[in-house]
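In what follows, every chain begins at residue 1, and chains take the letters A, B, ... in the order their sequences are listed.
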4 protein chains.
Amino acid sequence: MRVAQPGDLALFVSRDHKQFLVRLKPGESLHTHRGMLRFDDCIGGAWGRDVQSHLGYPFLILDPTTADLVRQIKRTTQIIFPKDVGYIVMKLSIQPGVTVVEAGTGSGGLTLALARIVGRTGRVISYETRPEMQHLARKNLEKVGLADCVEFKLKDVESGFDETDADALFLDVPEPSRYLAQAAQALRGGGCFGTLVPTVNQIVRLLGALEGQPFGMIEVEELMLRAYKTVSERLRPTDRMVAHTGYLLFARKIERSPDTLPGSLASAADEVTPGDSSLAGTE
Amino acid sequence: MRVAQPGDLALFVSRDHKQFLVRLKPGESLHTHRGMLRFDDCIGGAWGRDVQSHLGYPFLILDPTTADLVRQIKRTTQIIFPKDVGYIVMKLSIQPGVTVVEAGTGSGGLTLALARIVGRTGRVISYETRPEMQHLARKNLEKVGLADCVEFKLKDVESGFDETDADALFLDVPEPSRYLAQAAQALRGGGCFGTLVPTVNQIVRLLGALEGQPFGMIEVEELMLRAYKTVSERLRPTDRMVAHTGYLLFARKIERSPDTLPGSLASAADEVTPGDSSLAGTE
Amino acid sequence: MRVAQPGDLALFVSRDHKQFLVRLKPGESLHTHRGMLRFDDCIGGAWGRDVQSHLGYPFLILDPTTADLVRQIKRTTQIIFPKDVGYIVMKLSIQPGVTVVEAGTGSGGLTLALARIVGRTGRVISYETRPEMQHLARKNLEKVGLADCVEFKLKDVESGFDETDADALFLDVPEPSRYLAQAAQALRGGGCFGTLVPTVNQIVRLLGALEGQPFGMIEVEELMLRAYKTVSERLRPTDRMVAHTGYLLFARKIERSPDTLPGSLASAADEVTPGDSSLAGTE
Amino acid sequence: MRVAQPGDLALFVSRDHKQFLVRLKPGESLHTHRGMLRFDDCIGGAWGRDVQSHLGYPFLILDPTTADLVRQIKRTTQIIFPKDVGYIVMKLSIQPGVTVVEAGTGSGGLTLALARIVGRTGRVISYETRPEMQHLARKNLEKVGLADCVEFKLKDVESGFDETDADALFLDVPEPSRYLAQAAQALRGGGCFGTLVPTVNQIVRLLGALEGQPFGMIEVEELMLRAYKTVSERLRPTDRMVAHTGYLLFARKIERSPDTLPGSLASAADEVTPGDSSLAGTE
């Protein structure tokens, strides 16, 4: 049976729903509003059980999920939310063995999720221009034991990426419409492109800029997550929700035939809708 | 540079947005409404380019993403949508090396996504009671080259799962509230539980049934995906969207201390909201 | 030109977005965090202009809209939001001259909107069991000058409504499924029924209870309102939104023919969707 | 008891959910896919009952609600949906006695709802440039008996509205950002302005154009309506929904003080959220 190991990341949850993400270093402890938790009491024990603080308060000890990690990472920048990260993983076909490029690194939330899934059989390359941001992201990745799965690069992608055959590339920068040519050059044929921006103006500029670039199958989407109060007899959504995290834009790197009618591949989004079972291929 | 290999899965996209998912067997071809595509013309060539049918029509050839595969799989059952699959991957912490159990297999859409990410370093075990459904799922997984990453089991989980130390377990069955004890037994401490149901009545029953079971950190959520028409000068959502795919319920397997106040860990959903940066742990 | 009259309701808005809803009584004044506003400075002046507090701070003076009034009413109960009130007005066909019955009165938010539109040519009858609540609602309606448009009744509708020929009836009570027979008796043939409940469990019970009652054309709907940050160069939704105000259920009072197939008129909701222009009638 | 009168509008609903909106002229009849309905069989009878076609099929006869009328009007233009109409009524404070101006008339859907509520004690003035569109709208209003409540004007509002003291003004034109100065001139101080546009680009232009105009309290919002399948034991949203009808922009006509800081009143939208009970005014 899997037990908590020295050096494992642990998520402690108090009865009043406070959460603490820490690494279980032997001999160390966590100081909380409900008393001190000794890691030596946790190491070697099962996950999913209560451990007591020195004041006798129970804390649930859990191994954090990818969603927990993405949400709880130390950050100075806007987080990419788990709902968006999961969808990016699906749309960019992130899987063990692929080469995925990202700019910018930011606090490393997406980097972490990519590294977790790509693992050591593939490559995650992450560009950033701000040294202090790269430092924070590296520390965050170290904390979860994934720093050595990522190639951190301190470089402005305005002058281009070093890679030319990436399977996937994600732009998380203030104005991604400026880096589409660079992104195209970094991607292999058919490579998956994605970006996330907060405003509609950026999407408008992205769609305009994409017209001159070797991309097709363009999709713009947004995901809304609604949580429910988990009371069986009075089931209803929570009172408030996050209204907006960002607009997602996805595309594929393509080489257009000269005879291609302009725009004909520009967008499949509102034609090919999910759930159209008529799309099932024939062999 | 990555090129299309014999046996690779390919997605052909016509200018009128028809999509065809096929395996590139040497010597074979695909017959479409726009003429025949010879696979020998594709094998060895780059992805993301146009290939011509024998009638001269261009088709874009792409390597399908995980989202494409999940959506385009041959199915006789309701699909799990890529937006939900991605979020499940985040919340169940699916990654290379983990052991994940699923019931039922259905057409294998989620199985495929799980197998793609878990890879050969972990285990995907999938239960199904209907032989013909298991057969279809196995064929779907074979088509994408992932059948040997999955242990298919023909067994009713009413009598329990064979596993006792799974990292994650997902129920995609008509009435998941009936199998919570079995799910708990199959999961290790802290293991991640998930299920997807179409109706609120099922969520009501699930929340009721969870009260007597060793689960905590219960969350009920739904994801709404809204696509936009990708026209730079007239950006707006598409006219129609999928209103509902299902309600997601997530939980962690926990051992409650006897002194635990009833219900105190029952739900963290509306307390610990994404984006609360105050949650960042301290070490 | 319309100017502020003695006794008019006024909405004062400070530069820091504080809003104050008051009645302009001659000789009186409003004390705010930015100084005192003398009503004599406002009476006789135009709406939509700045008036200065005695500290020199500008306040915008506006005549409140129905949405403002519904939102800003003094209340001890959950408000019905303007988005829902507006839709109720459309679905219950509220217009001058109709007879509309409501239970319970609550703080009078919906009562106010109904009275505003029905006016003195029709009737608004509002039932409540709690005297203090009726008192609050009456004061709220008096403040906006509409108290004499409403017949307030202190009575439990369990024993039935006094009316038998109402055009519309709305239930805003804890468990509306208990009062469907009473509602049906109060409505004329074809009369419009509506209710708003926070939980799915209540909708489940309502749908069950409706089966034995003379109602048809049943619809269950929810409205989500998403606001945008009004910055031209960075247009995007606000960060957070109200996730849920309630589920709306609408129906029409009908007399079923004995030969009617059971359930055949139970619901038109997912068949007859708004925007189906094929529905346009022929004369 | 209210019964169907000669000349009343009636909505016939078949068991297979077809709807027919007609006027009950004595001696006439309606021909449907399920046989002929004689109006003389309906006139004098109650609403909400079944009437038989000459083939013996039952049709439910209802007096149409405002929502029915808005949805079922004959149209050659995009409809404004009941959810949006209802919210417009709340935000523009439409009520008996007010003066409301609208451009353009279109098929008259919004005109109809405004006329229904304003009644004969106020004024509804509707501008249109296309004679055939005005003709259609007039016929639609005649059908529901409200044509004499509306002043139809055939005039381009580019050169200005005739009114100068309107309580409310709504623009339903292709590019409302071009008519803001004209709208401001038509409104009294504090008057309510609204418009509905399908694209984000139009909202971006509107927000830009509003900066130079005497408007404040600007809000941009969208309403999403989700319907549920009305089955008690399997309650769930319908499979598909309308994803987008349009973005609503509301504002108030204001006179800014010269000392006003630029933009300080530009938007209250994300500051003053519905439900903030702290806003309740003091007298």
Q. If you round to the nearest 0.5 Å, how far is CE of C/Met90 from CG of D/Leu69?
A.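 D/Leu69 CG to C/Met90 CE: 10.0 Å, rounded to 0.5 Å.
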
Q: Could you tell me the separation between the OG1 atom of D/Thr230 and the CG atom of C/Leu210, rounded to the nearest 0.5 Å?
A: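 If we round to the nearest 0.5 Å, D/Thr230:OG1 and C/Leu210:CG are 9.0 Å apart.
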
Pick one of side chain, backbone, both or neither for [X], based on which atoms fall under 4.5 Å of a heavy atom in chain D.
{"X": "C/Phe12", "result": "neither"}
{"X": "C/Arg252", "result": "side chain"}
{"X": "C/Asp239", "result": "neither"}
{"X": "C/Ile94", "result": "backbone"}
{"X": "C/Glu233", "result": "side chain"}
{"X": "C/Pro64", "result": "backbone"}

Q.
Donor-acceptor pair, distance only, cut-off 3.5 Å: does the side chain of D/Arg188 make one with the backbone of C/Trp47?
A.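 Absent.
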
**Q.** Backbone of C/Thr66 reached by a side-chain donor or acceptor of D/Ser93 within 3.5 Å
**A.**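 Flag set: sc D/Ser93 to bb C/Thr66 pair under 3.5 Å.
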
Heavy-atom distance under 4.5 Å between the side chains of [X] and [Y], does that happen here?
{"X": "C/Leu235", "Y": "D/Leu207", "answer": "yes"}
{"X": "D/Met217", "Y": "C/Val13", "answer": "yes"}
{"X": "C/Lys91", "Y": "D/Asp68", "answer": "no"}
{"X": "D/Ile117", "Y": "C/Val89", "answer": "yes"}
{"X": "D/Thr65", "Y": "C/Leu92", "answer": "no"}
{"X": "D/Lys83", "Y": "C/Leu223", "answer": "yes"}
{"X": "C/Arg226", "Y": "D/Met224", "answer": "yes"}
{"X": "D/Glu221", "Y": "C/Leu225", "answer": "yes"}

Q) Any chance the side chains of C/Tyr228 and D/Glu222 put a donor and an acceptor closer than 3.5 Å? A)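 Yes, side-chain donor-acceptor contact under 3.5 Å.
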
Q) Using non-hydrogen atoms only, which part of D/Asp167 is less than 4.5 Å away from chain C: side chain, backbone, both, or neither? A)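 Contact with chain C: side chain only.
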
Q: Please assess D/Arg205 against C/Ser232 for the test side-chain contact (heavy atoms from CB on, under 4.5 Å), listing each intermediate value before the final yes or no.
A: CA-CA 7 Å; D/Arg205 286 195 293 270; C/Ser232 181; over 6 Å; no

